[in-house]
There are 2 protein chains.
Amino acid sequence: MAQATGPSRSQPATLSDVARLAGVSVATASKALNGRSQVRAETRQRVIEAAERLRFRPNQVARGLLAGRTGTVGLLTSDLEGRFSIPILMGAEDAFGAGEVAVFLCDARGDAIREQHHVRALLGRRVDGLIVVGSRTDPRPSLGRELPVPVVYAYAPSEDPEDLSIVPDSVGAGRIAVDHLLACGRTRIAHITGDPGYLAARERAEGARAALADAGLALVGEPRFGAWSEGWGRAATAMLLDQHPDVDAVLCGSDQIARGVMDVLRERGHRVPEEVAVMGFDNWRVLTSASRPPLTSVDMNLEQVGRAAAHALFTAIGGARRSGAESLPCRVVIRGSTAPLS
Amino acid sequence: MAQATGPSRSQPATLSDVARLAGVSVATASKALNGRSQVRAETRQRVIEAAERLRFRPNQVARGLLAGRTGTVGLLTSDLEGRFSIPILMGAEDAFGAGEVAVFLCDARGDAIREQHHVRALLGRRVDGLIVVGSRTDPRPSLGRELPVPVVYAYAPSEDPEDLSIVPDSVGAGRIAVDHLLACGRTRIAHITGDPGYLAARERAEGARAALADAGLALVGEPRFGAWSEGWGRAATAMLLDQHPDVDAVLCGSDQIARGVMDVLRERGHRVPEEVAVMGFDNWRVLTSASRPPLTSVDMNLEQVGRAAAHALFTAIGGARRSGAESLPCRVVIRGSTAPLS
DNA sequence: AAATGAACCGAAAAGGCTTTCAGAGACGCT
DNA sequence: AGCGTCTCTGAAAGCCTTTTCGGTTCATTT
């Protein structure tokens, strides 16, 4: 806790410091460091050495002021808590960081006022674009068409079809899940899922039903909507087993639900996956790998959603505007809870 | 997917636009908008109206260039995946966002090279300071003393005692956990924890042992180090029950371990909390609320760590430098898995 | 020897804002 | 009338970099 005066904290070197040390003008120093051709090799070398000696790093702020482009983007999340935002954010950060773009992170905490505040602040900082990350796949209000920079919506699409949104293909996710269970030879498939207020729940159920219909089959009973919790998974499974003791697969709306389902199956003596196969959605490691057996799950490829959003924004900044909701495929990650019927 | 030309994308208004519309000079316009006193009320009003009409937002880039302070900080995480970084990041973002500071997010992916790259990029953008967030509490290499801006380390302290680090009090966490169990009347307490390579595991064990010693007691057996997984929790519990069937509390190194512990306890017919109390660390909602019964856990107050780091950085930017590792207290969140012995 | 061209360098402007300082006008006082 | 004192306004400098364009030097050509 010493109240030290600390190291120098000297101002970083500027281009004119470098120029002075190298004995040239700032213009020449700039050209030398930026690889412009109108400077003698020997002079360039002198400048480069001077720059190294002074640990010169060009001031991106000044550069941004001049160029009109700052090389920054705003990443607007509605809730960092939600585990869906994080992988998207990682993907976007990754895609930008590889280039020379820096990311401003803003968390609106699910509050529209705060979101508006952040948008204003970001525009004041002259970001080149915005990515808006939602916490669920239901459409959300647009930030508006009047913004001076391009905007890309990720995970939660904009309500305005003129905006560009990148979303996971929830219907397709339901389809590939069922396809996998069918490939395992299962035919009596039940669906226990979460809150019907969530579009993701409804779309996955719709995809599952469609895939079964394509195979001339139907779900065992109706889809059981409830909550995104283990508790609901347990309760729904108990009811399911009472009504349909012959199910050979349960497709669960989330990994949490799946854990609850598997617990009850085990307690009631149904072996997984030999007698009943179980699948989840989200591919949330901590749940899938800790369950017994490890849980097969549909991964929404969220990191890829983030990367795609970043890429779309990048090209939009370059001038190529797109619009509408573009959906990205999900993938099945197979683990021990599903296996072919023997 | 229409290839539209899109809305105007017109350049944002500048101060001179405002000044022209209001019929004053840019200098006067600036003073009017910034509340400087040397401008007549009526003139100020004219300028403000003009600014509103043009939707003028002052360019923070230009302002930053002039002031030498950009009002930005860099948030450097080593892995966004890790769930410990996120709450810290939320706390920091929150503390800054309330003021007028914007946060650059950079994820080094645990790679020192990439970290160095990000530091350089951030310094090039002239951030006013840096927060370095680690993924575990073990000390990490310092970024160095030669940086032109203040740095605060959060969660993972710097190896250099001259740096300022904000960390959770792991020893204290172990103590308060045991204190809670003692308050519940438990005296035969076992400790099943994670990877001994983690300082957090060792410090929590040490705190637990110290608190027991203060009460004239000792752990049942040695602390059982292993892995941060449910699987280890299950395995260790099986061994524990064989050797010490009379334990009345298990303090677990993490919530994941605790879930494994509780599963085996239930399977073996030990009632929780009546016969055996169980506690975890981390207070990870998805685990604590889904377990049966809900899990009592020690919360590391990570969001507060983030906020404290932000605050420390803010004052350091203001000139007040501190150093050393400052630790913040943790807190016990009581749920159904612990209760007084009847 | 003079003219041409190439190669290299530097002055200056631009980008948007804040701040300083000098000037302009209004007012009261001697 | 002349002077000092206020209050307000605007010109200009400065922040740091890039880029344009005019100028200098030197070698080459006629």
Side-chain angles (χ1 to χ4, degrees), chain A residues 10-48 50-51 54-72 100 121 123-128 148-149, chain B residues 10-48 50-51 54-72 100 121 123-128 148-149:
Chain A
S10 57
Q11 295 302 318
T14 74
L15 187 59
S16 69
D17 296 331
V18 174
R20 195 172 327 116
L21 181 59
V24 299
S25 73
V26 289
T28 304
S30 172
K31 281 179 282 199
L33 294 175
N34 290 308
R36 292 277 165 286
S37 62
Q38 319 119 333
V39 47
R40 194 165 30 158
E42 181 213 299
T43 310
R44 185 188 306 276
Q45 196 53 38
R46 261 207 339 273
V47 173
I48 289 175
L54 296 175
R55 283 211 190 74
F56 171 72
R57 318 242 90 229
N59 184 332
Q60 297 296 133
V61 176
R63 195 180 276 193
L65 179 60
L66 190 59
R69 305 234 286 73
T70 53
T72 61
E100 293 297 77
L123 292 178
R125 296 217 130 84
R126 295 300 187 269
V127 293
D128 296 331
V149 296
Chain B
S10 58
Q11 296 301 319
T14 74
L15 186 60
S16 68
D17 296 332
V18 175
R20 197 173 323 117
L21 181 59
V24 298
S25 72
V26 290
T28 303
S30 171
K31 281 178 280 199
L33 293 174
N34 290 308
R36 291 277 164 285
S37 63
Q38 319 116 333
V39 47
R40 196 165 26 161
E42 179 214 301
T43 311
R44 184 188 306 277
Q45 197 52 40
R46 264 211 332 277
V47 173
I48 289 175
L54 297 175
R55 282 209 191 77
F56 171 71
R57 315 242 93 227
N59 185 330
Q60 297 297 132
V61 176
R63 195 180 276 196
L65 180 61
L66 188 59
R69 305 234 284 74
T70 53
T72 62
E100 292 298 77
L123 291 179
R125 295 215 131 84
R126 295 300 186 270
V127 293
D128 296 332
V149 296

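We use all heavy atoms of the structure for the numbers below, so side chains are in, but hydrogens, waters and symmetry mates are not. This one's a predicted model, so the numbers in the text were calculated from it and none came from an experiment. Order of the sequence lines sets the chain letters (A, B, ...), proteins ahead of strands, with each chain counted from 1.
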Just how far, in rounded Å, is [atom2] of [N] from [atom1] of [X]?
{"X": "A:Asn34", "N": "D:dT19", "atom1": "CG", "atom2": "C1'", "result": "11 Å"}
{"X": "B:Arg20", "N": "D:dG10", "atom1": "CZ", "atom2": "P", "result": "14 Å"}
{"X": "B:Leu15", "N": "D:dT9", "atom1": "CG", "atom2": "P", "result": "15 Å"}
{"X": "A:Asp17", "N": "D:dC15", "atom1": "CG", "atom2": "P", "result": "11 Å"}

Atom pair CZ (A:Arg20) and CG (A:Leu15), whose distance is rounded to the nearest 0.5 Å: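 Reported value, rounded in 0.5 Å steps: 10.5 Å.
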
B:Leu54: side chain to side chain contact (heavy atoms under 4.5 Å, CB included) partners, not counting sequence neighbours: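 B:Leu54 satisfies side chain to side chain contact (heavy atoms under 4.5 Å, CB included) with B:Ala13, B:Asp17, B:Val18, B:Leu21 once adjacent residues are dropped.
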
Results of side chain to side chain contact (heavy atoms under 4.5 Å, CB included) for B:Arg125 - residues two or more places apart only: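 Checked B:Arg125 against side chain to side chain contact (heavy atoms under 4.5 Å, CB included); matches are A:Gln60, A:Thr72, A:Ala102, B:Phe104.
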
What pairs with [X] under side chain to side chain donor-acceptor pair (under 3.5 Å), at least two apart in sequence or on another chain?
{"X": "A:Arg69", "answer": "A:Asp128"}
{"X": "B:Arg40", "answer": "none"}
{"X": "B:Thr43", "answer": "none"}

Side chain proximity check, A:Thr14 to A:Asn59, heavy atoms < 4.5 angstrom: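 A:Thr14 does not reach A:Asn59 side chain to side chain.
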
Any side-chain N or O of [X] under 4.0 Å from OP1/OP2 of [N]?
{"X": "B:Ser25", "N": "D:dG10", "answer": "yes"}
{"X": "A:Thr14", "N": "D:dC16", "answer": "no"}
{"X": "A:Ser30", "N": "D:dT17", "answer": "no"}

Smallest separation among heavy atoms of B:Thr70 and B:Arg126, with atom names: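 Of all heavy-atom pairs spanning B:Thr70 and B:Arg126, the closest is OG1-O, 2.7 Å.
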
Covered region of DNA chain C, 5' end to 3' end, by chain A [heavy atoms, under 4.0 Å]: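 Contacts span C:dC8 to C:dG16, reading 5' to 3'.
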
Net bend of the helix from C:dA1-D:dT30 to C:dT30-D:dA1, end axes of five pairs each, nearest 10 degrees: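 Axis-to-axis angle, ends of the helix: 80°.
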
Whichever of B:Val24 and B:Ala67 has its nearest DNA chain D nucleotide further upstream toward 5':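 On the 5' side of the pair lies B:Val24.
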
A:Thr28 vs B:Arg44, nearer the 5' end of DNA chain D by closest nucleotide: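 Result of the comparison: B:Arg44.
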
Set of residues satisfying salt bridge (Lys or Arg N to Asp or Glu O under 4.0 Å) with respect to A:Arg46, sequence neighbours excluded: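 Testing A:Arg46 for salt bridge (Lys or Arg N to Asp or Glu O under 4.0 Å), a comparison that skips the adjacent residues, returns A:Glu42.
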
Just the table, please: protein N/O against nucleotides 6-8 of chain D N/O, every pair under 3.5 Å.
none

Under 3.5 Å, N/O pairs linking protein and nucleotides 22-24 of chain D:
none

Which pairs of donor and acceptor atoms, one on a side chain in residues 22-33 of chain A, lie under 3.5 Å apart (sequence neighbours left out)?
from, atom 1, to, atom 2, distance (Å)
A:Ser25, OG, A:Ala27, N, 3.4
A:Ser25, OG, A:Thr28, N, 3.2
A:Ser25, OG, A:Thr28, OG1, 3.2
A:Ser30, OG, A:Asn34, ND2, 3.3

Members of residues 55-66 of chain A that approach DNA chain C, where some heavy atom sits under 4.0 Å away: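 When residues 55-66 of chain A is checked for heavy atoms under 4.0 Å from DNA chain C, the hits, listed by number, are A:Ala62, A:Leu65, A:Leu66.
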
